[in-house]
Amino acid sequence: MKKSAFILILAVYFNAVSCQTSSEKKSETKKPMETSYNKSDAEWQKLLSPEQYEVLRKKGTERPGTGIYNNHFKKGFYTCAGCGTELFSSEQKFDSHCGWPSFDGELGGGDRVRKIADYSHGMIRTEIVCAKCGGHLGHIFDDGPTATGQRYCVNSLSLGFKETVNDSIQK
Ligand code: FE
């Protein structure tokens, strides 16, 4: 084999390898959301009640005034019903009279609740999801009555609750 033919074969081979790597990288970026708690649809259906599954995984909304945490003001932490992450404190909850549990902030440094632009149903809103498992929580609005000005409007079906026995609640 001539030296020039050998170099040509090498060039074609490395080009093919680099193309494959680049297309693999492209397909990775097409995934809708990277979370550290990925489960299959079938696994979520086993883990959640049908109502929780509809809200958390299909972005459904419970009817206003029907959720168990709407008029719930015990001291404790509100968790993600999908993965158990503590998302909100009872200190952050307020009575918004909107029919859904409402919070004026979130626990942690802003890395537990992910905000996503939502243009569905002919509206411009900001959806909120659990950053760990991607579960739909509700929406966030900037019309809150407290100093933060924020209203995290959350479905009760997206939440769990851990009651605290002392006054050690921290935001
Ligand atoms: Fe979660």
Side-chain angles (χ1 to χ4, degrees), residues 27-96 98-121 123-144 146 148-166 168-171:
S27 71
E28 277 177 12
T29 58
K30 283 181 184 172
K31 289 178 184 172
M33 178 182 288
E34 288 291 340
T35 72
S36 59
Y37 202 82
N38 286 322
K39 287 187 182 296
S40 71
D41 218 36
E43 286 174 313
W44 281 120
Q45 281 180 295
K46 278 186 193 170
L47 188 72
L48 304 169
S49 72
E51 294 80 13
Q52 285 176 321
Y53 174 80
E54 183 59 30
V55 172
L56 280 165
R57 308 314 306 179
K58 297 296 177 185
K59 304 185 187 300
T61 302
E62 68 195 13
R63 283 187 295 116
T66 63
I68 60 171
Y69 298 124
N70 184 37
N71 291 315
H72 177 274
F73 291 96
K74 289 182 177 174
K75 284 192 174 182
F77 296 100
Y78 292 86
T79 59
C80 170
C83 70
T85 300
E86 293 181 351
L87 299 175
F88 306 102
S89 152
S90 56
E91 298 289 300
Q92 295 166 320
K93 194 172 189 297
F94 65 95
D95 191 358
S96 67
C98 72
W100 292 277
S102 298
F103 304 87
D104 70 358
E106 65 187 83
L107 291 167
D111 57 351
R112 299 190 198 184
V113 178
R114 194 175 296 181
K115 288 88 181 173
I116 302 167
D118 176 10
Y119 304 107
S120 64
H121 305 291
M123 293 182 273
I124 301 172
R125 295 180 296 173
T126 303
E127 179 192 7
I128 47 176
V129 304
C130 171
K132 185 173 180 184
C133 73
H136 173 76
L137 302 172
H139 291 85
I140 185 170
F141 303 94
D142 59 5
D143 59 3
T146 72
T148 70
Q150 294 182 315
R151 175 168 61 97
Y152 291 68
C153 186
V154 185
N155 291 280
S156 291
L157 285 165
S158 302
L159 297 171
F161 183 72
K162 292 201 286 192
E163 188 171 357
T164 50
V165 290
N166 54 36
S168 62
I169 296 290
Q170 291 180 337
K171 286 190 181 182

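Please read these numbers as outputs of a predicted model, since none were measured by experiment. Start at 1 and go down the list; that is how both ligands and their atoms are numbered.
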Novice: Taking the six-membered ring for Trp, are H139 and F141 parallel (under 30°), tilted (30 to 60°) or perpendicular (over 60°)?
Specialist: tilted
Novice: Using a 4.5 Å cut-off on heavy atoms from C-beta on, say whether the side chain of C80 contacts that of K132.
Specialist: no
Novice: Distance below 2.8 Å from the Fe ion (ligand 1): how many protein N/O/S atoms qualify?
Specialist: 4
Novice: Are the side chains of I124 and Y119 in touch, meaning some heavy atoms are under 4.5 Å apart?
Specialist: yes
Novice: Ring-plane angle category for Y78 and F103, please: parallel below 30°, perpendicular beyond 60°, tilted otherwise.
Specialist: perpendicular
Novice: If a pair satisfies salt bridge (charged side-chain N to carboxylate O under 4.0 Å, His left out) and one of its residues is in residues 80-90, list it, with sequence neighbours excluded.
Specialist: E86-K162
Novice: Would you say the side chain of V154 lies within less than 4.5 Å of the side chain of W100, judging by non-hydrogen atoms?
Specialist: no
